[in-house]
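Residue numbers start from 1 in every chain, and the chains themselves are labelled A, B, ... in the order their sequence lines are given, proteins ahead of strands.
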Amino acid sequence: MLEINNLHVKLENEDKQILKGLSLTVEPGSVHAIMGPNGSGKSTLSYVLSGRDGYEVTEGTATLDGEDLLDAEPEDRAARGLFLAFQYPVEIPGVGNMTFLRTALNAQRKARGEAEISSGDFLKLVRAKAKDLKIDAEMLKRPVNVGFSGGEKKRNEILQMAMLEPKMCILDETDSGLDVDAMKLVSDGVNALRAPDRAFLVITHYQRLLDHIKPDVVHIMAAGRIIKSGGPELALEVEKNGYADILAEVEA
Amino acid sequence: MNTAAAKSPRAARREARQASTAAFLETLTLPDGPAWLTGLRKEALARVADLTLPDRRDEYWSYTNPDRLIAHDIRPAEVFKITDEPPMYQGIDRLKLVFVDGVFDADASDPLDGEGVEISHLSEAGDIHWAKDLYGSLEAAGQKPVARPLAALNTALAKDGVLIRVTGKVSRPVSLIYYREAEDAEAVLHNVVKLEPGAELTLLENGPVAARSSICLEAEIGEDAVLHHVRTMGRDHERKGITNLFARVGKGGLFKSFSLSMNGRLMRNEAMVWLTGEGGSAHLAGAAMGDGTFHHDDTVFIAHEAPGCESRQVYKKVLRDGAVGVFQGKILVEQAAQLTDGYQLSQSLLMDENCQFLAKPELEIYADNVKCSHGSTSGEISPDHMFYLRSRGVSEEEAKLLLVLAFLAETLDEISNEHIAEDMRLRLRRWLEKHTH
Ligand SMILES: Nc1ncnc2c1ncn2[C@@H]1O[C@H](COP(=O)(O)OP(=O)(O)OP(=O)(O)O)[C@@H](O)[C@H]1O
Ligand SMILES: [Mg+2]
């Protein structure tokens, strides 16, 4: 589904290389986790895949379902089924959450040649999904993320994901800032979306999220590359011993 | 004896200004009218002579050149063809009063009556009229602390305008519609509104007015009375104009004024509001959008004279392709005005780097127990906001549109009537759809 090959990325305005030959393949129906020290480039990878400005791809490719991703506009990538749950969701004063959700949903439908959703159906849908995530109806009326707590913002990301039903979901530290119950809610939300034609790339620092969302593959990222991949046990090892052993092993 | 040599440069300059103003005034003819009105017009003309015409050296004219508002040759302005634009305020029941090139058009207007309201117009005002105590009086009072000679000129030269006295709570808005036909007409309109204690009115103004226009509104808002004022400027690109708003708000009264301005070459909106009785409120808001030669100036002055009053100024501008926005706003709090709550916000959204926002926010406070805040900023659309919206599939164009509307939202919040606010939103959206590229 998602195929990244030897990806090299530097900052556009600075001579700083962040991704240094990253390769990764995520198959349909699977859950991949990425763990790695702070600053190793995990968020950068998620931004480059979703099309944020400010980065320059100097080498390598990334494709979604065999089609190039890196030259497409962010909205086209979204319409093709890519979704990023942000590590730091932004607040947008003046843009209502509901307006935003509906505009996004209809824009994607339009891009795919589908009919717009009626306001009645939309309301029903959003209310049901919000309820599952225990998001208060009052919160939906507010501007996007404005006045939301850290955990509420993360839940709002998952609500958007549930509404948009993307194929390739990237979750960047969605667990950070969530209390234990919220982590369970969010995980349930993600698990409910698991499907044979949908895949997840879960960036996290903690094993705990992976107790709820069971990964098929765990990757360790350091200094802009995947340095080791393995099964769920790799996450347990990191939880227990940190990254030192793995880094040493790779360098050796 | 050479007296000129003894004079200070300042005095000499003033003399020169007086002379050129006098020469200018010589060329004018006052409109006909009843004796009381002629008397008031002459007094206003004398005020202009004394104040002299504005020029760029004046403190509140340094950002906006008044020459084109005064010059004898009124440059023609192409009449904007409203082809695909729906008429304003559709579905809102209102009393329509139509002016064409600044002259009342009785045939196109609704009958001048309604419950709780007494309406007439200036060019047909009789010998005895309640407005004789008000016409020009707020304008005259508003010459301090900042001179507004163009407002006095309006009082002198206005050919027409409405005179509205409200005695009850009037739910049907009075809607002034200013059409224009001639490419080179000048319209000078002077409207007077008097709200008796407890009265309520919504006054709407819209339309392109004229190639050059001057519109003055004097509003006396009695105890516990409420005036909602909503003004939209037409879409003509070459139009120039000035508006002067004078409002005196009595005890417990409320004055709300919202202006929408799109396109136009030169627009100056001045407001002078006095809060004279305890617990009065004034909310002034403006949304302006323009590109290219657009120059829009909001100059707002709110004087708190009584305790426990509240005022808000919320002004936002969207500028592109070299447009210029000006905001000059002052909150003056007199010593008696304890427990004043004053808020002022002026912001511009610069859509490219050629635009300019010139701001002069001021606070002048003589009371010790007050809450006043002001802020003035200009900036661009946040790239983080853009990316967030686009990453969810919203097109670049639509994302921009949403964010510009979001930027302006706070001004629209100042409109009490939700139908009218929605109409404004629609208009803003249309303008943006045409201009977002
Ligand atoms: N726009 C930028 N300007 C300057 N430095 C940047 C920028 N974006 C990323 N970096 C740098 O690139 C490196 C990788 O950052 P990134 O946010 O991708 O790390 P991360 O793996 O997500 O870390 P964390 O676990 O703390 O979230 C860091 O050293 C960061 O400081
Ligand atoms: Mg990160």
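Ranked by heavy-atom pairs under 4.5 Å with chain B, the first of A:Ala104, A:Ala107, A:Ala79, A:Pro74 is A:Pro74. Of the residues considered (A:Gly94, A:Ala111, A:Pro166, A:Gly54), A:Gly94 shows the highest number of contacts with chain B, using heavy-atom pairs under 4.5 Å. Chain B forms the most heavy-atom pairs under 4.5 Å with one residue out of A:Glu73, A:Arg52, A:Lys110, A:Gln160, and that residue is A:Arg52.
In this structure, no portion of A:Pro143 lies under 4.5 Å from any heavy atom of chain B. B:Leu389 touches chain A through backbone and side chain together, each having a heavy atom under 4.5 Å away. Neither the backbone nor the side chain of A:Arg77 comes within less than 4.5 Å of any heavy atom in chain B. Heavy atoms of A:Ile92 lying under 4.5 Å from chain B belong to its backbone as well as its side chain.
In the displayed structure, A:Asp53 atom CG is contacted under 6.0 Å by at most 12 heavy atoms of other residues, nucleotides or ligands. Taking a 6.0 Å sphere around CD of B:Glu380, one finds it holds 12 or fewer heavy atoms contributed by other residues, nucleotides or ligands.
Across every non-hydrogen atom of B:Ser391 and A:Ala78, the tightest pair is O-CB, 3.4 Å. In plain terms, the two heavy atoms of B:Ala406 and A:Pro93 that are nearest each other are CB-O, 3.4 Å. In this structure, A:Glu75 and B:Val394 approach most closely via the heavy-atom pair CB-O, 3.5 Å. Shortest non-hydrogen contact noted between A:Glu91 and B:His385 is O-NE2, 2.8 Å.
In this structure, B:Phe387 and A:Tyr47 have perpendicular ring planes: the angle between them is above 60°, well past the 30° mark.
Atom-to-atom distance recorded for A:Phe86:CZ and B:Asp384:CG is 8.5 Å, nearest 0.5 angstrom. The CD atom of A:Glu157 sits 3.5 Å away from atom OH of B:Tyr388, with the distance rounded to the nearest 0.5 Å.
A side-chain donor-acceptor contact under 3.5 Å links B:Arg392 to the backbone of A:Leu84.
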